[in-house]
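Everything below concerns the one structure shown next.
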Amino acid sequence: MEAQSLIFAGILIWVSVLVQHVTNMKTRGAQFLMSDRSAPLSEDGLTGRATRTLRNNIESIAMYVPIAAVAVAMDVTTPVTYWSAITWMVVRTTFSIGYWLKINMLRSLSWLVGMAAIAAFAVALAVQAA
């Protein structure tokens, strides 16, 4: 599951970029997408939420992927790393959906559980490495 979570991280970014791009196209039009984009994007509405979702997913992945990659490279799998990987994938999905759809409680709870999953994964990996 740890290796699959690395693949999921790439897919999550791809989907987040796609949602952000499509919302930008709907809001600003194809002409804007083909421009030099010197005018700043609005942070309002779905376009702003899609941009913030992408930014937050990148930040979460920057914390999660190095830990998961080390676990995969060391061939470490424990019940904690396994379930942390599953939990992280589920809550990053619910986080993104919650942010896009403006379901603030879902978004916030998903973020918190995701941070706990990253911490649990890191501690379990450190215990195995010691």
Side-chain angles (χ1 to χ4, degrees):
M1 193 53 55
E2 294 83 345
Q4 289 89 335
S5 70
L6 294 173
I7 295 166
F8 171 83
I11 293 168
L12 178 65
I13 290 299
W14 187 86
V15 170
S16 296
V17 167
L18 185 63
V19 169
Q20 191 232 20
H21 185 74
V22 168
T23 60
N24 277 330
M25 187 169 68
K26 282 183 153 184
T27 303
R28 299 283 204 142
Q31 180 119 12
F32 173 76
L33 296 178
M34 302 299 276
S35 73
D36 65 2
R37 299 183 188 194
S38 57
L41 290 172
S42 171
E43 289 285 324
D44 295 335
L46 180 56
T47 302
R49 289 193 310 276
T51 299
R52 291 187 300 278
T53 302
L54 173 60
R55 188 177 315 131
N56 194 280
N57 281 337
I58 290 169
E59 292 167 357
S60 181
I61 286 169
M63 290 181 272
Y64 179 80
V65 166
I67 298 163
V70 168
V72 170
M74 292 175 56
D75 198 26
V76 170
T77 298
T78 71
V80 173
T81 62
Y82 178 87
W83 286 107
S84 293
I86 290 174
T87 300
W88 183 80
M89 290 187 290
V90 168
V91 298
R92 287 320 295 181
T93 301
T94 58
F95 171 87
S96 298
I97 291 168
Y99 217 146
W100 293 328
L101 299 180
K102 203 174 178 181
I103 306 170
N104 296 335
M105 183 63 75
L106 178 63
R107 182 200 77 218
S108 296
L109 184 59
S110 297
W111 180 88
L112 180 62
V113 173
M115 292 299 285
I118 293 169
F121 198 125
V123 168
L125 182 60
V127 166
Q128 287 297 307

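For this chain, numbers begin at 1 and follow the sequence in order. No hydrogens, no waters, no symmetry mates; every other heavy atom, side chains included, goes into these values. Everything numeric here is computed off the predicted structure, so don't read it as measured data.
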Sequence-distant partners of S96, side chain to side chain donor-acceptor pair (under 3.5 Å), two or more places apart:
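S96 satisfies side chain to side chain donor-acceptor pair (under 3.5 Å) with N57 only.
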
Using the test side chain to side chain donor-acceptor pair (under 3.5 Å), find all partners of T93 that sit at least two apart in sequence or belong to another chain.
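Partners of T93 by the side chain to side chain donor-acceptor pair (under 3.5 Å) criterion come out as none, since no residue qualifies.
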
Can you list every side-chain hydrogen bond (donor to acceptor under 3.5 Å, both in side chains) pair that touches residues 120-130, not counting sequence neighbours?
none

So which pairs with a foot in residues 109-127 pass side-chain hydrogen bond (donor to acceptor under 3.5 Å, both in side chains), sequence neighbours left out?
T94-S110

Where is the tightest heavy-atom contact between I61 and A9, given as atom of each residue plus distance?
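Reported closest heavy-atom pair: CD1-O, 3.3 Å.
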
Quick check: closest heavy atoms across T81 and A124, and the distance to 0.1 Å?
CG2-CB, 3.8 Å

Under a 3.5 Å threshold, yes or no: a donor from one side chain and an acceptor from the other, between S16 and T53?
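Side-chain D/A pair, S16 to T53: absent.
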
Hydrophobic clustering (ILVMFWY, side-chain heavy atoms < 4.5 Å, transitive) - are V65 and I7 grouped together?
no

Are V19 and I11 linked, directly or through other ILVMFWY residues, by side chains that come within less than 4.5 angstrom of each other?
yes

Pairing residues for [X] by the side chain to side chain contact (heavy atoms under 4.5 Å, CB included) criterion, not counting sequence neighbours:
X    : value
L101 : I97, I103
V123 : V127
V72  : E2, A3, L6

Going by atom type alone, with no hydrogens or angles, which donor-acceptor pairs under 3.5 Å involve a side-chain atom of residues 84-91 and a protein atom two or more places apart or on another chain?
{"from": "S84", "atom 1": "OG", "to": "V80", "atom 2": "O", "distance (Å)": "2.7"}
{"from": "T87", "atom 1": "OG1", "to": "W83", "atom 2": "O", "distance (Å)": "2.7"}
{"from": "W88", "atom 1": "NE1", "to": "S60", "atom 2": "OG", "distance (Å)": "3.1"}

Would you call V15 and L12 a side-chain contact if the rule is heavy atoms closer than 4.5 Å?
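Of all side-chain heavy-atom pairs linking L12 with V15, none is under 4.5 Å.
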
Summary of salt bridge (charged side-chain N to carboxylate O under 4.0 Å, His left out) pairs that have at least one residue in [range], sequence neighbours excluded:
range            : result
residues 55-78   : E43-R55
residues 118-128 : none
residues 80-108  : none

With rounding to the nearest 0.5 angstrom, report the [atom1] to [atom2] distance, [X] to [Y].
X   : Y    : atom1 : atom2 : result
Y99 : N104 : OH    : CG    : 8.5 Å
M1  : Y82  : CE    : OH    : 4.0 Å
T51 : N56  : OG1   : CG    : 12.5 Å

Partner set under ring-ring contact (aromatic ring centres under 6.0 Å, His included) for F121, not counting sequence neighbours:
Y64

Candidates T47, L54, L46 - the one meeting side-chain contact (heavy atoms from CB on, under 4.5 Å) with Q20
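Between Q20 and the candidates, side-chain contact (heavy atoms from CB on, under 4.5 Å) is satisfied uniquely by L54.
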
Can you check whether N24's main-chain N or O pairs, donor with acceptor, with T27's side chain at less than 3.5 Å?
no

